[in-house]
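In what follows, a structure is listed as structure tokens, so that the remarks can point back to it.
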Amino acid sequence: MAQKIVAGNWKMNLEKEEAFDLVNQLNEKIEESTVRVIAFPPSIYVLPISKMSQGKFDLGVQNFYAKSAGAYTGEISIPQVKSVGGSIGLIGHSERREYFQEGNEFLKEKVDAALENSFEFIFCCGEPLEVREVGEELNFVKKQLEESLFHLSAEQMWKAIIAYEPIWAIGTGRTASAEQAEDMHANIRSWVEEKYNEETAKSVTILYGGSCKPENAKELFACPNIDGGLIGGAALKADDFCAIINAF
Ligand code: PGA
């Protein structure tokens, strides 16, 4: 069975006091649940937040570099992230792909580095609007997975978490309908089955991201192939984020 996850990607938002205030509220408001909760704050806050943690959510980083140490100005490594309490990282968020030109080959190196360092990761994929408009979204997303993820062994694939985030739905208020999201998720699971086997396909967690809000979370999470969400804007408000967690 795929694990159920609700993850919050804070992006480059919140100054220190605001971030700490959000953590205090999350500590207070997240109820006991069977859903795993993960927060991805800006990486400079990971250490203090790990000290404030009451174990209600795991902590991760929005980005990391594939090398373990060295002369890579401005980057952070997996061992560094682990040493301050982070256990998971996002790979290939569409904003990293678009603004920082991170391509499939480069992202593959991060996937390999994560596995080598026993570091969990959420691999993000998703198509831009112009690709969906010409009906090419399945080929586009399949290529992202084939070029960065499907070189893994079945055993390694069990550790992967995938997030489908159609770019046209991120931060736009325009959500994929539950049918559109479920259709892509079902396809992703079928590609994992084709490449690996049924057991692996059933075990891989596939999250939806893109304007997921308290209002639409229930409908999205009710879809058989949607195992949770990667939440941007709505993760910045404790009440909204907790309502999404409780939508399960
Ligand atoms: P959004 O962002 O919920 O604000 O659309 C999702 C994401 O980019 O992870």
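Remember, it's 1-based here, ligands and their atoms both numbered in the order they're listed.
With a 4.0 Å cut-off on non-hydrogen atoms, Ile170 touches ligand 1 through its backbone as well as its side chain.
Close approach to Asn9 involves these atoms of ligand 1, each under 4.0 Å from a residue heavy atom: 9 (O). Close approach of ligand 1 to Ala169 is summarised as follows: ligand atoms under 4.0 Å from at least one heavy atom of the residue are 5 (O). Distances below 4.0 Å separate heavy atoms of His93 from the following atoms of ligand 1: 7 (C), 8 (O), 9 (O).
A donor-acceptor contact shorter than 3.5 Å links the side chain of Tyr196 to the backbone of Phe150. Looking at Gln80, its side chain does come within 3.5 Å of a backbone N or O of Ser77 through a donor-acceptor pair. Although no hydrogens or angles enter the test, the distance criterion places no donor-acceptor pair under 3.5 Å between the side chain of Lys202 and the main chain of Met1. Looking only at distances, no side-chain donor or acceptor of Arg132 sits under 3.5 Å from a matching main-chain atom of Pro166.
With respect to the salt-bridge test (charged N to carboxylate O, under 4.0 angstrom), the residues Glu193 and Arg189 do not qualify. The pair Lys11-Glu95 meets the salt-bridge criterion, with a side-chain N (NZ, NE, NH1 or NH2) lying under 4.0 Å from an Asp/Glu carboxylate O.
At least one heavy atom of Ser211 sits under 4.0 Å from some atom of ligand 1. Under a 4.0 angstrom heavy-atom cut-off, Gly210 registers as being in contact with ligand 1. For Lys213, the closest heavy-atom approach to ligand 1 does not fall below 4.0 Å.
Between Phe119 and Phe64, the distance separating the two ring centers is shorter than 6.0 angstrom.
Polar contact check, Glu95 against ligand 1: no nitrogen or oxygen pair lies under 3.5 Å apart. For the pair Thr172 and ligand 1, the shortest N or O to N or O distance does not fall below 3.5 Å.
Given atom 3 (O) of ligand 1, the protein heavy atom at minimum distance is Gly232 N, 2.9 Å. Shortest contact from atom 9 (O) of ligand 1 to any protein heavy atom: Glu165 OE2, 2.7 Å. Among protein heavy atoms, the minimum distance from atom 4 (O) of ligand 1 is reached at Gly233 N, 2.8 Å.
Distance OH/Tyr164 to CG/Leu145: 11.0 Å, rounded to 0.5 Å.
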